[in-house]
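Following: one structure in structure tokens, then a few remarks.
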Amino acid sequence: MAQYRIVSGSVAVISIQNPPVNALSAAVREGLLLSVRAAASDPLVRSVVISGHNGPFCGGADIKEFGNVSHLESGPHLVEIFESVEALAKPVVAAIEGFALGGGLELALACHYRFGHSEARVGLPEVSLGLLPGAGGSQRLPRLLGVRAALDMIVTGRHVAAGEALKLGLLDRLTDGNTVDAAVRFAQSAEGKPLDDRRLGNRPCPPLENIDAFFEEALIHARGRARGAAAPLACVQAVRGAATLPFLKGMELEKRLMETLMTSGQAQASRYCFFTERGAARWTTPTGARWDTCRARPISTAAVIGLGTMGRGITVALARAGLSVVAVETQEHQLDEAQRAVSRMLKGGGGVSYSADLQAAAGADLVVEAVFEDMAVKEEIFKQLSSVCKPGALLATNTSSLDIDRLASCTLRPEQVLGLHFFAPAHVMRLLEVVSGPRTSPQTVAAAMQLGRRMGKVSVAVGNCPGFVGNRMLKPYLEQAYFLLEEGASPELVDAALEEFGFPMGVFKMSDLSGLDIGWRVRKEEGLTGPGVTADQPMRTRRGRRYSPLGDLMCEEGRYGQKTGRGWYLYDRPGARVARSDPWLRSFLEEYRERHGLLARRIDQQEVLERCLYALINEGFRVLEDGVAASPQNIDAIYVFGYGWPKHRGGPMFYAAQVGLARVLEGLEKYHKAHPDSPHLQPCSLLRRLVASGSPPIHKWSEVVKGHRSQL
Ligand SMILES: CC/C=C\C=C\CC(=O)SCCNC(=O)CCNC(=O)[C@H](O)C(C)(C)COP(=O)(O)OP(=O)(O)OC[C@H]1O[C@@H](n2cnc3c(N)ncnc32)[C@H](O)[C@@H]1OP(=O)(O)O
């Protein structure tokens with residue numbers, strides 16, 4: 001798995017061969033070490049070039065081996081191989097095309113020179129796998145770039161483009177031509193020259209003033225980036241080692257830190273996320289249609305109907321994916337404003353034209369309706385689109401919860417109607433829920449999934465039900481948060497618990513950000529509040545179950561969140577972002593409790609987490625049972641990429657498996673006993689069956705789910 005050949009009489013070219021990303025599997029490591037030894041001992045060889053076969057240099061260690069200690073242990077270790085490379089008495093040049101990531105870049109850092117193609121990118125993304133660059137990267141990179149630049153790359157894990165890498169001094173030269181040929185020529189020119197100074201292990205780290213203060217601040221910053229995640233903190237510690245210890249001592253520290261991370265639940269969860277992200281693309285339907293057999297008609301033109309915040313973001317996302325887009329808004333003043341906003345986001349026209357007439361959608365391959373959440377309005381638009389649009393055009397709605405099938409019924413082409421549930425801001429957020437109704441054709445799903453990929457989204461195929469997967473599961477989570485306020489908690493307490501768990505924002509801050517009026521409108525539509533509710537109905541009960549009117553009361557007070565400068569928190573002015581505690585809210589909650597005879601009790605963070613998260617997870621099991629999501633992995637992808645679930649906790653279903661299904665069941669039983677009027681706390685039958693069948697690992701849950709009707 002490492003090809004070895006001699007070119008130009010004296011250059012050994014070692015080529016890593018392990019498609020698709022030339023990962024450093026046990027076989028590659030074996031081949032690499034043998035090749036390095038062969039080059040060292042062959043008197044005819046005077047220099048060495050290391051490259052990747054067929055394009056990419058190397059995507060790093062083989063992540064598939066990480067869960068399997070015997071694979072990881074077999075073959076030589078990366079550290080040993082890289083030491084041999086660095087120690088070689090002949091110049092070694094890395095020829096980097098495509099990407100050099102993780103162990104791939106660590107290999108390049110062990111080489112004496114680094115040549116890059118101008119379109120290559122390099123990085124140490126281990127942190128997003130819950131790890132640190134554990135094969136010398138945390139010690140060599142600071143010696144090359146200095147602590148600041150190295151720490152930034154290691155803690156963020158970002159990919160650095162070749163141009164920037166050249167400026168940083170990470171790459172020695174760039175070429176637009178054949179990188180291997182250029183590296184071979186250079187290697188020959190370096191034959192016989194001294195190498196001591198080129199060995200990063202020999203170099204001291206460039207000095208840094210106020211080391212203690214610098215690393216204190218770096219730790220605070222790393223903690224803030226991903227709350228509760230261990231890897232960023234370990235990265236900072238390792239780089240501090242590089243700045244303060246001799247190379248070999250630093251390597252020992254790196255090894256100790258890596259050993260702790262490698263076996264941690266967080267690394268396991270992050271790795272799981274890596275594969276769920278990619279696995280979501282492999283969709284299937286109950287009719288047997290599959291991602292790899294179903295042909296999708298390509299989409300090259302699109303129309304977006306409605307240019308509010310969502311419509312603008314969707315327009316930008318489609319235009320950036322290279323589609324020609326017509327953006328339609330029937331209200332003229334809104335159209336002008338939207339045009340300016342979209343142009344700003346696209347930094348120019350970007351293939352978008354504008355119209356106030358729905359007829360402009362006539363020639364589009366795909367239409368995305370993004371008007372506000374009102375079924376009657378959407379039905380009318382779909383009726384019109386059905387006659388305006390060309391045959392074969394796909395008609396999508398960006399609704400976040402309404403019935404796709406009802407909209408399909410307004411058209412003469414129900415098999416071409418689907419939901420494309422984007423998340424705000426639509427041009428930034430990675431998640432796309434691709435929602436099929438019972439009549440949506442597999443070709444329609446295939447086209448949407450392909451388009452999602454073009455837009456750089458994590459697209460997940462889901463079935464049609466109120467709220468689909470993400471918002472359906474969010475409902476019980478929100479509901480428990482409201483109940484906790486009624487029982488004595490404050491928004492600050494609930495948010496602190498969730499943020500400590502790792503969410504970037506607690507539920508109440510999130511609600512202030514997205515606007516309390518959105519949920520209010522949905523509840524009105526569902527008949528839970530508003531004019532349809534008669535005065536004789538108890539305020540805290542709906543349809544025989546506990547109901548909290550807190551959100552409705554807040555909206556009646558005009559507290560919509562950030563946009564009004566007041567919500568669950570107080571803001572300096574409408575649109576401001578910094579949330580402050582609001583004494584008004586405290587009195588409001590006290591009066592509310594008194595009015596309803598509720599006794600405030602002490603609530604701890606554990607109860608907050610268990611009530612909110614277990615209720616959400618329980619609904620996740622119901623989603624699986626109902627066949628609305630194809631797998632627990634798909635649910636987790638939705639939560640990690642659309643709802644801020646911390647990656648180092650894998651997603652709600654993975655988290656349930658990690659906590660232990662029996663413990664989740666026990667928790668739900670306990671809370672349901674205490675709150676029998678809250679059906680979301682009643683453990684669902686799939687969870688019970690999984691526990692009864694011995695809590696199988698997550699990849700085997702589908703065997704227990706089997707037999708249920710798929711909605712996909
Ligand atoms: C003592 C030291 C011990 C351990 C040291 C560890 C250091 C490391 O190197 S950790 C790994 C660091 N590398 C990465 O994090 C890179 C991860 N990969 C990517 O970011 C991307 O895959 C990519 C390399 C940029 C390529 O992207 P793209 O072209 O979009 O293809 P994908 O769909 O992402 O991937 C294709 C295919 O390859 C699989 N794959 C990718 N990287 C790895 C890998 N490092 N190991 C194993 N497999 C990998 C990926 O899963 C895809 O396969 P599927 O079957 O579709 O899942």
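Ligands are counted one by one from 1 in listed order, and the atoms in each one are counted from 1 as well.
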Test item, Glu126 contacting ligand 1 (heavy atom, 4.0 angstrom): yes
Region of Leu129 that comes within reach of ligand 1 [heavy atoms, distance under 4.0 Å]: side chain
Polar contact flag for Ile63 and ligand 1 (N/O pairs, less than 3.5 Å): yes
Arg649 charged N/C atom sitting above Phe654 aromatic ring, 6.0 Å / 45°: no
Atom indices of ligand 1 within 4.0 angstrom of Gly134 heavy atoms, with elements: 1 (C), 2 (C)
Any N/O pair Leu131/ligand 1 closer than 3.5 Å: no
Side chain, backbone, both or neither: the part of Val21 lying under 4.0 Å from ligand 1 by heavy atom: side chain
Aromatic plane relationship, Trp645 with Tyr639 - under 30° parallel, 30 to 60° tilted, over 60° perpendicular: perpendicular
For Met258, atoms of ligand 1 separated by under 4.0 Å from a heavy atom: 3 (C), 4 (C), 5 (C)
Salt bridge Glu83-Arg199, side-chain N to carboxylate O under 4.0 Å: no
For Gly60, atoms of ligand 1 separated by under 4.0 Å from a heavy atom: 9 (O)
Residue part near ligand 1, for His77, under 4.0 Å between non-hydrogen atoms: neither
Ring centroid separation Phe423 to Tyr643 under 6.0 Å: yes
Part of Ala61 within contact of ligand 1 (heavy atoms, under 4.0 Å): both
Distance-only side-chain donor-acceptor flag, Asn634 / Thr276, under 3.5 Å: no
Under 3.5 Å: N/O of Gly104 near N/O of ligand 1: no
Any N or O of Glu106 closer than 3.5 Å to N or O of ligand 1: no
Flag, side chain of Asp196 to backbone of Asn202, donor-acceptor distance under 3.5 Å: no
Mutual orientation of the aromatic rings belonging to Tyr113 and Phe186 [parallel < 30°, tilted 30-60°, perpendicular > 60°]: perpendicular
Atoms of ligand 1, numbered as shown, that sit under 4.0 Å from any heavy atom of Asp62: 46 (N), 47 (C)
Ligand 1 contact on Arg282 by region, counting heavy-atom pairs under 4.0 Å: side chain
Carboxylate-amine/guanidinium proximity below 4.0 Å for Asp292 and Arg290: yes
Non-hydrogen atom of Lys255 closer than 4.0 Å to ligand 1: no
Under 4.0 Å to a heavy atom of Phe274 - the qualifying atoms of ligand 1, by number: 17 (C), 18 (N), 41 (C), 42 (N), 51 (O)
Cation-aromatic face contact Arg271/Phe275, 6.0 Å, 45 degrees: no
His112 side chain to Arg198 side chain, donor-acceptor N/O pair below 3.5 angstrom: no
Atom indices of ligand 1 within 4.0 angstrom of Leu101 heavy atoms, with elements: 24 (C), 25 (C)
Contacting atoms of ligand 1, where contact means under 4.0 angstrom from a heavy atom of Pro20: 37 (C), 38 (O)
Enclosure of Glu119 CD (heavy-atom neighbours >12, cutoff 6.0 Å): no
Arg29 with Glu65: basic N within carboxylate O range, under 4.0 Å: yes
Close-contact set for ligand 1 against Gly102 heavy atoms, below 4.0 Å: 9 (O), 12 (C)
